[in-house]
Trainee: 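My structure is below; once you've seen it, I'll send some questions.
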Protein chains: 2
Amino acid sequence: MGEHGSGRWQRRKAARPDEIRDAALALFVEKGFAATRMDEVARRAGVSKGTVYLYFENKEALLRSVVEELVEPALAQAEAQVAGHHGSARDLIRALISQWWAMVGHGRLSGLPKLMVAEAGNFPELARYFSEKVVKRARRLFQRTLELGIAQGEFRPLDAAAAARLAMAPLVYASIWRHSLACCGDEDFDPERFIQAHLDVFLSGIDAAGACE
Amino acid sequence: MGEHGSGRWQRRKAARPDEIRDAALALFVEKGFAATRMDEVARRAGVSKGTVYLYFENKEALLRSVVEELVEPALAQAEAQVAGHHGSARDLIRALISQWWAMVGHGRLSGLPKLMVAEAGNFPELARYFSEKVVKRARRLFQRTLELGIAQGEFRPLDAAAAARLAMAPLVYASIWRHSLACCGDEDFDPERFIQAHLDVFLSGIDAAGACE
DNA sequence: CCTCAATAACTGACTGGTCAGTTATTTTTT
DNA sequence: AAAAAATAACTGACCAGTCAGTTATTGAGG
């Protein structure tokens, strides 16, 4: 392709796949994979249906691409941020949760958890990929931090694996909720307040001082 | 039902709608509404497709019926059980969570949260019904209990509305998980242990003193 | 600078299969 | 035998995926 250039079409061409992915993600999240028509994806991306098939094999390949392309950079960034963090385990938990919420709660990935949950049954391979390479990887960050905190005496001794899931559950819940019932029904759901309350209760709950049992 | 005699077919006939609902629920949860074929629902219920249309207007009416018929009795029972409960707020929270998990974690309703989350976008009216008449109603049970506990000095002062959501989030998360990623990927998810850990951390987290029990 | 041909990007009408819903027919019950 | 229940064959709308044709872009020759 042209190295130099009269850019209008060149630039658009390079951006196409991403534009199509964004359109597809939005619709897959909103209506589900099966109920989304390729015509619609195309229209939303500002192209014709034929063009979508220039960049993606078929509908399923488009779904795969949406999940894989969007997830990788976000996760890498999160891991880097954690690796470079210094401070108490408690602060790191706070940072992880804020980070996660900034990324998945608002960004383009916001709808991914709902999409994956809804389609896991129909695309087991993709679900496996997501579970192994995304969820587990993210959970490990929490689990390690919790183990660190226990070792340092900040947190009381507890099942770190279960607690890591506990730390994430309200986050996942919140982002799924935002894209389902919150849209049509549960309008008085305030994610920010909810996440704050979670941080508050969770950190109190695992604190070494308040140990029960 | 049959006042006299050959009861076998009578009974079957009376049970049909429920059998069809169960079949439909299982498939809707597993594959999603759009990807489920009416032929399949019928086959699973042990009847032909035409029969399904003897009992339900159309596919959407079947979905509505699945949600509404299954939910009402369970919710009523839960409220009754709570109304008759005496003891500390802490015990009541424990009872509510166990109750919820016994009902939604294992029973026939097990898949409902996933189904509603996945289809809320395509059926806003149904989502609204579910949100108002089911979720809010269930949440009120938790919220009242928390307010009671705060008033009695068992729990520290906190945002009861947010805390009620926090109490439920891991439960919802767990039952959604069981029907999505846990099926194909995250096999080492142990719901019982997870719920136990939740009870433990949550109750410590909202405890007034820091000394539980 | 202005053709004009070659190529890259894109389009939308068309096809073949699928599936929700209907209807004519058969089976079961009374 | 009549009525009720159930079936299986049928219909028509819909949609993923294709492909023959159109439009934009580049580049060479005049």
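Just so you know, these numbers come straight off a predicted model, no measurement behind them. Here is how names work: the chains are called A, B, and so on, in the same order as the sequence lines, proteins then strands, and each is numbered from 1.
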Trainee: When the distance from CZ of A:Arg37 to P of D:dC14 is rounded to whole Å, what number comes out?
Mentor: 9 Å
Trainee: Is there a side-chain polar atom (N or O) of A:Thr51 under 4.0 Å from OP1 or OP2 of C:dT11?
Mentor: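 Answer yes for this pair, as a side-chain N or O of A:Thr51 is under 4.0 Å from OP1 or OP2.
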Trainee: Rounding to an integer number of Å, can you tell me how far A:Asp39 CG sits from C:dG12 C1'?
Mentor: 9 Å
Trainee: CG of B:Leu70 to CG of B:Asp18: how many Å apart, nearest 0.5 Å?
Mentor: 7.0 Å
Trainee: Under 3.5 Å, side chain of B:His179 to main-chain N/O of B:Val29, donor-acceptor pair present?
Mentor: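 Side chain of B:His179 to backbone of B:Val29, a donor-acceptor pair under 3.5 Å: no, none is there.
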Trainee: Check the distance between D:dC15's P and A:Arg43's CZ and give it to me in whole angstrom.
Mentor: 12 Å
Trainee: Separation of A:Leu54 atom CG from C:dA8 atom P, in whole Å?
Mentor: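 Rounded to whole Å, this separation is 13 Å.
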Trainee: Could you state the CZ-P distance from B:Phe33 to C:dC19, rounded to the nearest angstrom?
Mentor: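 These atoms are roughly 14 Å apart.
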Trainee: In terms of side-chain heavy atoms, does B:Arg16 have a donor or acceptor partner in B:Thr51 at a distance below 3.5 Å?
Mentor: no
Trainee: Find the distance B:Ile20:CD1 to D:dA6:C1' and express it as a whole number of Å.
Mentor: 11 Å
Trainee: Determine: side-chain N/O of B:Tyr53 to OP1/OP2 of C:dT23, distance under 4.0 Å, yes or no.
Mentor: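 Indeed not, no polar side-chain atom of B:Tyr53 lies that close.
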Trainee: Could you state the NZ-C1' distance from B:Lys49 to C:dC19, rounded to the nearest angstrom?
Mentor: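 Taking atom C1' of C:dC19 as the reference, NZ of B:Lys49 is at 6 Å.
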Trainee: Rounded to whole Å, how long is the line connecting atom CE of B:Met38 with atom C1' of D:dC10?
Mentor: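 Checked: the CE to C1' distance equals 17 Å.
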Trainee: Considering just the side-chain nitrogens and oxygens of B:Arg16, establish if one lies under 4.0 Å of OP1 or OP2 belonging to D:dA5.
Mentor: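 No, B:Arg16 has no side-chain N/O under 4.0 Å of OP1/OP2 on D:dA5.
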Trainee: With respect to the side chain of A:Tyr55, which nucleotide from D:dT7, C:dG21, C:dA9 is positioned closest?
Mentor: C:dA9
Trainee: Just N and O in the side chain of B:Lys59: are any of them under 4.0 Å from OP1 or OP2 of C:dA20?
Mentor: yes
Trainee: Hey, are B:Lys31 and B:Glu40 close enough for a salt bridge, meaning a charged N less than 4.0 Å from a carboxylate O?
Mentor: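 Salt bridge present between B:Lys31 and B:Glu40.
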